[in-house]
Amino acid sequence: MVSLNLLQRGVVEIFPNNEQENLTNRINQSDRPLRIKLGIDPTRPDLHLGHTVALRKLRQFQDAGHIAVLIIGDFTAQIGDPTGKSEARPRLTPDEVAHNAQTYLEQAKKVLDFTSDRLELKYNSAWLGSLNLQDITTLLSSMTVGQMLAKEGFSERYGKGTPIYLHEFLYPLMQGYDSVAIASDIELGGTDQKFNILVGRDLQIKEQKQGQLGMLLPLLVGLDGTQKMSKSLDNYVGLTEDPLSMYSKLEKVPDNLINSYFELLTDVDISSLSSNPRENQKRLALTIVGQYHSSKIALQAQQDAEKIVLSGNTKDLGKIPEFAIASITFPVPLFYLLKVSGLCKSNSESLSQINNGAVRLEGEKIPNPEFSFNSVEELTGKILQVGKKKFLRLI
RNA sequence: GGGUCGAUGCCCGAGUGGUUAAUGGGGGCGGACUGUAAAUCCGCUGGCUACGCCUACGUUGGUUCAAAUCCAUCUCGGCCCA
């Protein structure tokens, strides 16, 4: 059985937290498993470690005997959560949403327990899609413009003169209505979700039900060390990434993030950490890659990463991404090869990387922008590399 | 609905008829250094199988030898009034 201690690991805030209402009471006074809500909007197809903070917490509740209610926000995704956004989000089509939802679930399986009966999967279009104008008016009348504008993000945008569209006001209410629809006892979310979760609690109470507790988790800071992890900022580690790139990213997380990564992304006892940051980075990378692949694969990734970076030796690597050069017509200029292989985004980028001395074949620097290859034999089996992080085996 | 201001490259932001992919900052990428990090220094940062060509300053059209810069139209937005 999971202890209350573990359930509180990494948690920033639980509200309310007073004599009458708090987590301990809620758990102890209930004669049934609690319903723990987590909503995810399938706005992008991939999950990253940032998403796993809440998912892992949800899993801990599952392991403690409670019921995870995972809400796929297929309806809300089409509105776009304005939280933390400096501008309105582009709206997604139903097809995109359906596709994203599918891949989300695949990935959520890596964290949540999908095999027990302690998981309920819900799509919020099931109830939100059938609200009529009257229902919506009732929802809207539960909040004032002042309350809405007090929400961070809105006030900021309003002050800065960036447009706020009316439908964005609907978002917190819809998320709140989800809580009513599934009768949640506790809702999990990032610290930026406080407002939305409170709306849910209010709506539940208005419906004469007990209001949910909110459990706020930190927003995982991304690899840049400052902004929250997100795909659009490209400071993320994706759940489906290959072991080597996962390892390479994690072994160099900024020093100031090491502890929080351990706390939020692993079960490692924080007091067992070394005083040497470099050691901790490696342990972190090893642990997390191990969680999502296997400890054996993680070790292999570690060895490969060390070979590449320390010795520049790209020989005898384990699995690294490959690129088939069969379809290329020779002679082929180096810059063109870099582009079609995906190592560089454009020919122009290729050229500047070559000029910068970033391009290597089998560890040999090629600084000549006009360099070209005459035959397949020159390339087959070799490793082409741009910078320290991007490399491909040519086959 | 009326008035007024505005729309520039990933972001912010100069530029107000004439070498030019377009000052500067941020971010990103790369190199050196290092702990594979941070800090620092240096370089790159529209696209194209490319010593040339193409596309770019919200849209469309116009004036001009010449426009991101002038005029008109439209679209979108901020603010004020109703």
Side-chain angles (χ1 to χ4, degrees), chain A residues 85-88 90-91 154-166 168 221-228 230-237 244-261 273-286 289 301-314 317 325 327-360 363-374 379 384-391:
Chain A
K85 292 290 156 184
S86 51
E87 55 192 73
R91 303 180 64 171
F154 282 151
S155 51
E156 233 180 86
R157 282 162 64 184
Y158 194 66
K160 275 169 72 179
T162 29
I164 300 171
Y165 293 87
L166 287 173
E168 297 184 68
V221 177
L223 299 174
D224 60 5
T226 48
Q227 297 189 266
K228 87 166 180 181
S230 86
K231 186 157 188 181
S232 49
L233 293 172
D234 197 25
N235 61 358
Y236 71 103
V237 181
L244 182 54
S245 79
M246 212 180 215
Y247 184 91
S248 324
K249 285 181 179 180
L250 287 168
E251 69 159 350
K252 61 182 175 65
V253 298
D255 289 2
N256 60 317
L257 300 186
I258 296 176
N259 272 39
S260 65
Y261 271 42
L273 295 184
S274 152
S275 58
N276 177 344
R278 186 78 197 111
E279 242 169 69
N280 288 331
Q281 285 177 319
K282 289 186 181 177
R283 182 172 172 195
L284 178 72
L286 210 52
V289 176
Q302 180 172 57
Q303 286 164 15
D304 287 350
E306 277 168 8
K307 268 186 211 152
I308 293 168
V309 180
L310 287 185
S311 56
N313 175 12
T314 50
L317 288 179
I325 48 177
S327 59
I328 291 179
T329 49
F330 286 83
V332 58
L334 175 58
F335 71 82
Y336 185 68
L337 180 64
L338 288 170
K339 187 189 80 162
V340 293
S341 66
L343 285 170
C344 291
K345 290 193 193 84
S346 68
N347 288 333
S348 312
E349 183 186 321
S350 304
L351 283 172
S352 55
Q353 294 294 34
I354 297 170
N355 283 325
N356 284 332
V359 177
R360 292 164 187 268
E364 287 289 313
K365 202 178 273 193
I366 306 180
N368 176 8
E370 284 162 38
F371 199 89
S372 65
F373 301 99
N374 294 315
L379 294 171
L384 187 62
Q385 180 180 0
V386 176
K388 288 171 188 161
K389 294 167 218 152
K390 293 189 285 189
F391 26 80

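Keep in mind that what you see is a predicted model, and the values were worked out from it rather than measured. The chains referred to below are lettered A, B, ... by the order of the sequence lines, with proteins before strands, and numbering in each begins at 1.
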Reckon A/Ser248 touches a base, only the sugar-phosphate, or nothing at all at heavy-atom distances under 4.0 Å?
nothing
Which part of the nucleic acid, if any, lies within reach of A/Lys249 when heavy atoms closer than 4.0 Å are counted: base, sugar-phosphate only, or nothing?
nothing
Kindly point out which of [options] is positioned nearest to the side chain of [X]?
X        : options             : value
A/Asp255 : B/G35, B/U49, B/G31 : B/G35
A/Asn356 : B/G31, B/G47, B/G43 : B/G43
A/Gln281 : B/C48, B/A37, B/G35 : B/G35
A/Lys365 : B/A32, B/U49, B/C44 : B/A32
A/Pro333 : B/G31, B/G47, B/U49 : B/U49
A/Lys252 : B/G77, B/A37, B/A50 : B/A37
A/Ser348 : B/C48, B/G35, B/U34 : B/C48
A/Asp224 : B/A50, B/G77, B/G28 : B/G28
A/Pro277 : B/G35, B/C79, B/C48 : B/G35
A/Gln353 : B/G35, B/C48, B/C29 : B/C29

Write down the distance between [atom1] ([X]) and [atom2] ([N]), rounded to a whole number of angstrom.
X        : N     : atom1 : atom2 : result
A/Asn347 : B/C44 : CG    : P     : 19 Å
A/Glu349 : B/U45 : CD    : C1'   : 9 Å
A/Asn280 : B/A37 : CG    : P     : 17 Å
A/Tyr158 : B/G78 : OH    : P     : 10 Å
A/Glu279 : B/A37 : CD    : P     : 18 Å
A/Leu233 : B/C29 : CG    : P     : 12 Å
A/Lys345 : B/C29 : NZ    : C1'   : 8 Å
A/Gln227 : B/G26 : CD    : C1'   : 11 Å

Surrounding CZ of A/Phe330 (heavy atoms of other residues, nucleotides or ligands, distance under 6.0 Å), is the total greater than 12?
yes
Considering only atom [atom1], compute the distance from [N] to [M] and round it to an integer number of Å.
N     : M     : atom1 : result
B/U49 : B/G61 : C1'   : 37 Å
B/C11 : B/U20 : C1'   : 24 Å
B/A67 : B/G26 : P     : 34 Å
B/G13 : B/U8  : P     : 8 Å
B/G9  : B/G28 : C1'   : 14 Å
B/A7  : B/U60 : C1'   : 16 Å
B/A22 : B/U69 : C1'   : 12 Å
B/A50 : B/U55 : C1'   : 15 Å

Would you say A/Lys339 places a side-chain N or O within less than 4.0 Å of OP1 or OP2 belonging to B/U49?
yes
Regarding B/U49, can its base be found pairing with the side chain of A/Ser372 as donor and acceptor, where the two atoms are less than 3.5 Å apart?
no
Side-chain-base donor-acceptor pair under 3.5 Å for A/Asn355 and B/G30
no
For [N], which nucleotide is its Watson-Crick or G-U wobble mate, given both distances must be under 3.5 Å?
N     : value
B/A21 : none
B/U4  : B/G78
B/A14 : none
B/C70 : B/G62
B/C29 : B/G43

Keeping the roles fixed (side chain from [X], backbone from [Y]), state whether a donor-acceptor pair exists under 3.5 Å.
X        : Y        : answer
A/Ser274 : A/Asn280 : no
A/Gln281 : A/Arg283 : no
A/Lys231 : A/Tyr236 : no

If each of A/Pro331 and A/Lys390 is mapped to the nucleotide of RNA chain B with the nearest heavy atom, which maps nearer the 5' terminus, i.e. the 5' end?
A/Lys390
On RNA chain B, nearest-nucleotide positions of A/Phe335 versus A/Ile164: which is more 5'?
A/Phe335
Which pair of heavy atoms, one from [X] and one from [Y], lies closest together, and at what distance?
X        : Y        : value
A/Leu338 : A/Val386 : CD2-CG2, 3.7 Å
A/Glu168 : A/Pro163 : OE2-O, 4.4 Å
A/Leu244 : A/Ala301 : CD1-O, 3.6 Å

What do the steps show when you test A/Phe391 against A/Leu343 for side-chain contact (heavy atoms from CB on, under 4.5 Å), and what is the final call?
CA-CA 7 Å; A/Phe391 26 80; A/Leu343 285 170; 5.6 Å; no
